Amino acid sequence: MPWRTSPADRARGILPDPYHIWMSEVMLQQTTVAAVRDYFLRFTARWPTVADLAAAEDGDVMGEWAGLGYYARARNLLKCARAVVSDHGGQFPDTLAGLLSLPGVGPYTAAAISSIAFDRAETVVDGNVERVMARLFDVHTPLPAAKPELTALAAELTPAKRPGDYAQAVMDLGATICTPRNPACGICPWRTPCAARRLGTATELPKKTPKKPKPTRTGIAYIARRSDGAWLLERRPDRGLLGGMLGWPGSDWAEEVPPHDAPLGANWQPLPDLALHTFTHFHLRLTVMVAQAPEGSNPQIGMFLPPETFRASDLPTVMRKAFDLAHAHFIELG
DNA sequence: GAGACGTGGAC
DNA sequence: TGTCCAAGTCT
């Protein structure tokens, strides 16, 4: 992983750049290593220091984050970089309290930065550690109620020596051996003390409270291409779903399509295929309306972005799906 | 405490 | 296809 320093370097006391650890930990929130890797490389290449990031345009950061999800992380990433520069002289705080005061940095991320980047003895508790502790001590209390109990158990195991290596090791154990399904108990370094291994309960732990089913919502997106190749887009408000991201004008999304005004007053036509997408808490069936807009069109809603400015990769995935359908349509049109 | 908040991969 | 899941935070 590109944000790690080698074990040999850590053993010699060479610690990683706190900026890199912070960036990777924020990206890794609820996100797999495989998904994060390329984003991390692009972000650190484009903004090598926290000061560079703090000076970035909001839209550039949101566009670079597009596709990674949980966009509040990107908004808080910028807020945090600016806070580090304006309130902390461009250096990340090394204490839990200092780190916790930063936007987008909660108990997990603060402990991760403090232990990994500064080698302080803080207890890191993520989903991996919760699972490892639940099995090691055979805890049957369902999550999230079990969190305090699992955190206390994890804290007792946290060593004073090499806490950064330890934090990464426990998370790696959870990610590679003590996995949710088919844990590799036979090769686990903790197989001897593990209570769940002894009792045969490993695969059923940790218990979780059941989730609610996802409802299906419907909506309409309007995609207009002007004769000069410009696309009609809007910047979504900073709060809520896809907040701060670029998107197509359209209706709200609800069980029934809410009343709304179409932009431009062009002759909109529906595409035969819907854009289907699933968010954390609902399914979406999005009707895509397309229209050709005459040159010189001035929209009441949104703005036309010329093709040299617009990158489809700046769109969140649901908007990208709608674009791909519309783009194919306009190509057919010639 | 519970819900909002994305996405892509595994099974 | 549908469900679950991944290095959480904020409200």
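Basis for what follows: all heavy atoms, side chains included, without hydrogens, waters or symmetry-related copies. Order of the sequence lines sets the chain letters (A, B, ...), proteins ahead of strands, with each chain counted from 1. Computed from a predicted structure; not experimentally measured.
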From [options], nucleotide with atom closest to [X] side chain:
{"X": "Y108(A)", "options": "dA6(C), dT7(B), dT9(C)", "value": "dT9(C)"}
{"X": "L241(A)", "options": "dG6(B), dG8(C), dA4(B)", "value": "dG6(B)"}
{"X": "T317(A)", "options": "dG8(C), dG8(B), dA10(B)", "value": "dG8(B)"}
{"X": "K212(A)", "options": "dG3(B), dT9(C), dC5(B)", "value": "dG3(B)"}
{"X": "T109(A)", "options": "dC5(C), dT7(B), dG8(C)", "value": "dG8(C)"}
{"X": "Y71(A)", "options": "dG8(C), dT7(B), dA10(B)", "value": "dT7(B)"}

Could you give the [atom1]-to-[atom2] distance, from [X] to [N], as a whole number of Å?
{"X": "L96(A)", "N": "dT9(C)", "atom1": "CG", "atom2": "C1'", "result": "15 Å"}
{"X": "L315(A)", "N": "dT7(B)", "atom1": "CG", "atom2": "P", "result": "11 Å"}
{"X": "L100(A)", "N": "dG8(C)", "atom1": "CG", "atom2": "C1'", "result": "13 Å"}
{"X": "I113(A)", "N": "dT9(C)", "atom1": "CD1", "atom2": "C1'", "result": "13 Å"}
{"X": "L242(A)", "N": "dA4(B)", "atom1": "CG", "atom2": "P", "result": "15 Å"}
{"X": "L173(A)", "N": "dA6(C)", "atom1": "CG", "atom2": "C1'", "result": "16 Å"}
{"X": "H281(A)", "N": "dC5(B)", "atom1": "NE2", "atom2": "P", "result": "4 Å"}
{"X": "K214(A)", "N": "dT3(C)", "atom1": "NZ", "atom2": "P", "result": "9 Å"}

Please find out if less than 6.0 Å separates the ring center of F43(A) from that of Y19(A).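 Not under 6.0 Å, so no.
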What about F279(A) and H277(A), are their ring centers closer than 6.0 Å?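 That pair passes the under 6.0 Å test.
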So W231(A) and W248(A), would you call those rings parallel, tilted or perpendicular, with 30° and 60° as cut-offs?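 Because their plane-to-plane angle is over 60°, the rings of W231(A) and W248(A) count as perpendicular.
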Give me the ring orientation class for W190(A) and Y166(A): parallel if the planes are under 30° apart, tilted from 30 to 60°, perpendicular past 60°.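 Taking Y166(A) first and then W190(A), their aromatic rings sit tilted (interplane angle of 30° to 60°).
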Given that N182(A) and A35(A) both sit by DNA chain B, which one's nearest nucleotide is further toward the 5' end?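 Of the two residues, A35(A) wins.
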Assign each of A145(A) and A72(A) to its nearest nucleotide of DNA chain B by heavy atoms, then name whichever residue's nucleotide is nearer the 5' end.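 Nearer the 5' end of the strand: A145(A).
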So, does [X] get its side chain near the phosphate of [N], meaning an N or O under 4.0 Å from OP1 or OP2?
{"X": "K208(A)", "N": "dA6(C)", "value": "yes"}
{"X": "Q30(A)", "N": "dG8(C)", "value": "yes"}
{"X": "T280(A)", "N": "dA4(B)", "value": "no"}
{"X": "H277(A)", "N": "dT7(B)", "value": "yes"}
{"X": "K211(A)", "N": "dC5(C)", "value": "yes"}
{"X": "R131(A)", "N": "dA6(C)", "value": "yes"}

Please check if atom CZ in R42(A) has more than 12 non-hydrogen atoms from other residues, nucleotides or ligands closer than 6.0 Å.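 Correct, the count exceeds 12.
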If you count heavy atoms of other groups shown closer than 6.0 angstrom to CD of Q292(A), is the number above 12?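 Enclosed: over 12 neighbouring heavy atoms sit under 6.0 Å from CD of Q292(A).
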Using a 4.0 Å heavy-atom cut-off, does [X] contact any base of the nucleic acid, only the sugar-phosphate backbone, or nothing at all?
{"X": "P144(A)", "value": "nothing"}
{"X": "R37(A)", "value": "nothing"}
{"X": "G243(A)", "value": "nothing"}
{"X": "G174(A)", "value": "nothing"}
{"X": "M1(A)", "value": "base"}

I'd like the P distance from dT11(C) over to dG6(B), given in whole Å.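 dG6(B) and dT11(C) have their P atoms separated by 14 Å.
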Spacing of the P atoms in dG3(B) and dC4(C) (rounded, Å):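 15 Å, rounded to whole Å.
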Residue mapping more 5' on DNA chain C - nearest nucleotide basis, T32(A) or G104(A):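 The answer here is T32(A).
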Earlier contact from the 5' end, DNA chain C, for T179(A) and V105(A):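 Result: T179(A).
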With sequence neighbours excluded, residues passing ring pair (Phe, Tyr, Trp, His ring centres under 6.0 Å) with F92(A):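 If we apply the ring pair (Phe, Tyr, Trp, His ring centres under 6.0 Å) test to F92(A), skipping adjacent residues, the hits are W22(A).
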